[in-house]
Amino acid sequence: MTSGKLEPDRFKYVRIVLSRAHRYRWYRGVSMSVSLLVLLVVVGGAHRALGRSVDLTHGLVAVGVAIAGFYVVTFLVNIPAGRMFCGFGCPVGQLSRFADTIDAFPKDAGRRRRGWLELLAFATVLALTCVLWWTSPGAFVSWPAAATAWSALALLAGYTVVHARVWRWGFCRKLCPIGLYYSVVQTSPLVGIDFDPARTCTDCGGCAAICPVHLDPRRLEDPIASPGGLAFSGFPAANHCLHCGACVEACEHLTRKAGGPPAMGFRRPHDRPRA
Ligand code: SF4
Ligand code: SF4
């Protein structure tokens with residue numbers, strides 16, 4: 001599993017990219033807000049299905065149908081854009097990103113405090129969206145239901161923080177059932193991570209060092225062995241790529257002084273011979 005203490009090289013590059021604003025963080029702010037809203041509005045609502053109150057069984061069926069719908073919708077997204085949901089829409093990945101921020105600044109108490117606050121706030125909002133699948137907002141202010149509602153919220157938020165700190169990207173690499181499905185269906189996206197050797201590459205290795213799932217972004221066409229867990233062996237590394245853009249961000253920063261367009265980018269991949 002991924003641990004902050006085990007990846008000092010990676011955190012060096014995380015620190016470098018976080019030292020500057022980047023457009024992907026703005027995009028992700030929007031896409032992550034949409035994800036939380038979908039969880040809250042479409043799936044959530046105190047045992048509601050299609051706006052009507054239902055019993056627990058029908059509530060469970062509604063959640064099951066919503067999850068199946070999610071798989072279909074994200075498959076449609078995967079056809080042109082690959083695993084874009086992993087990189088820009090998944091709240092679990094975002095928890096890991098906040099956890100990374102804490103570990104990237106071991107000597108900066110202010111930055112670490114901010115990282116912890118971001119992680120706790122995001123974990124609480126995410127837990128709240130899930131708790132509201134099963135109880136109404138009113139339960140938080142009416143005794144004795146409030147005791148159960150607040151306990152469930154605290155437990156779930158606590159679990160998500162532990163998940164982010166302990167398992168982090170290891171969950172994406174080895175255990176995520178959605179990632180497993182995507183690694184099979186992700187075939188020839190029109191938009192993906194592309195390394196263009198004709199552009200500027202200083203061979204710094206930063207793109208590989210920062211990759212949260214330990215891929216070499218310059219060789220995403222190569223088949224890779226399973227990292228363990230539920231993941232499959234033998235698919236191209238591109239099938240395991242989260243489309244998080246961290247390698248592109250790193251490359252843009254690291255080639256700035258060298259001049260010329262950075263070699264790593266989000267565009268149509270596989271449109272030229274690989275290095
Ligand atoms: S980060 Fe960019 S410059 Fe550095 S090795 Fe990767 S592609 Fe080359
Ligand atoms: S190859 Fe790049 S986009 Fe893909 S997971 Fe690694 S860092 Fe993210």
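Residue numbers start at 1 and run along the sequence shown. Start at 1 and go down the list; that is how both ligands and their atoms are numbered.
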Salt-bridge test for Arg25 and Glu249: reply yes if a basic N is under 4.0 Å from a carboxylate O, no otherwise.
-> yes
Does the distance from a Lys or Arg side-chain N to an Asp or Glu carboxylate O, for Asp108 and Arg15, drop under 4.0 Å?
-> no
Can you list the atoms of ligand 1 that are under 4.0 Å from a heavy atom of [X]?
X	result
Cys201	3 (S), 5 (S), 7 (S), 8 (Fe)
Thr255	3 (S)
Gly205	4 (Fe), 5 (S)

Parallel, tilted or perpendicular: which fits the ring planes of [X] and [Y], with parallel below 30° and perpendicular above 60°?
X	Y	answer
His240	Phe235	tilted
Tyr181	Phe75	tilted
Phe266	Tyr24	perpendicular

Could you pull out every protein residue that has a heavy atom closer than 4.0 Å to ligand 2, ordered by chain and then number?
-> Ile193, Cys211, Pro212, Val213, Pro217, Cys241, Leu242, His243, Cys244, Gly245, Ala246, Cys247
For ligand 1, which part of Thr202 has a heavy atom less than 4.0 Å away: the side chain, the backbone, both, or neither?
-> both
Taking atom CZ of Arg256 as the centre, does the number of heavy atoms from other residues, nucleotides or ligands within less than 6.0 Å exceed 12?
-> yes
With sequence neighbours left out, what residues match Asp222 under side-chain hydrogen bond (donor to acceptor under 3.5 Å, both in side chains)?
-> Arg219
Arg83 NZ/CZ over Tyr182 ring centroid, <6.0 Å and within 45° of normal = no
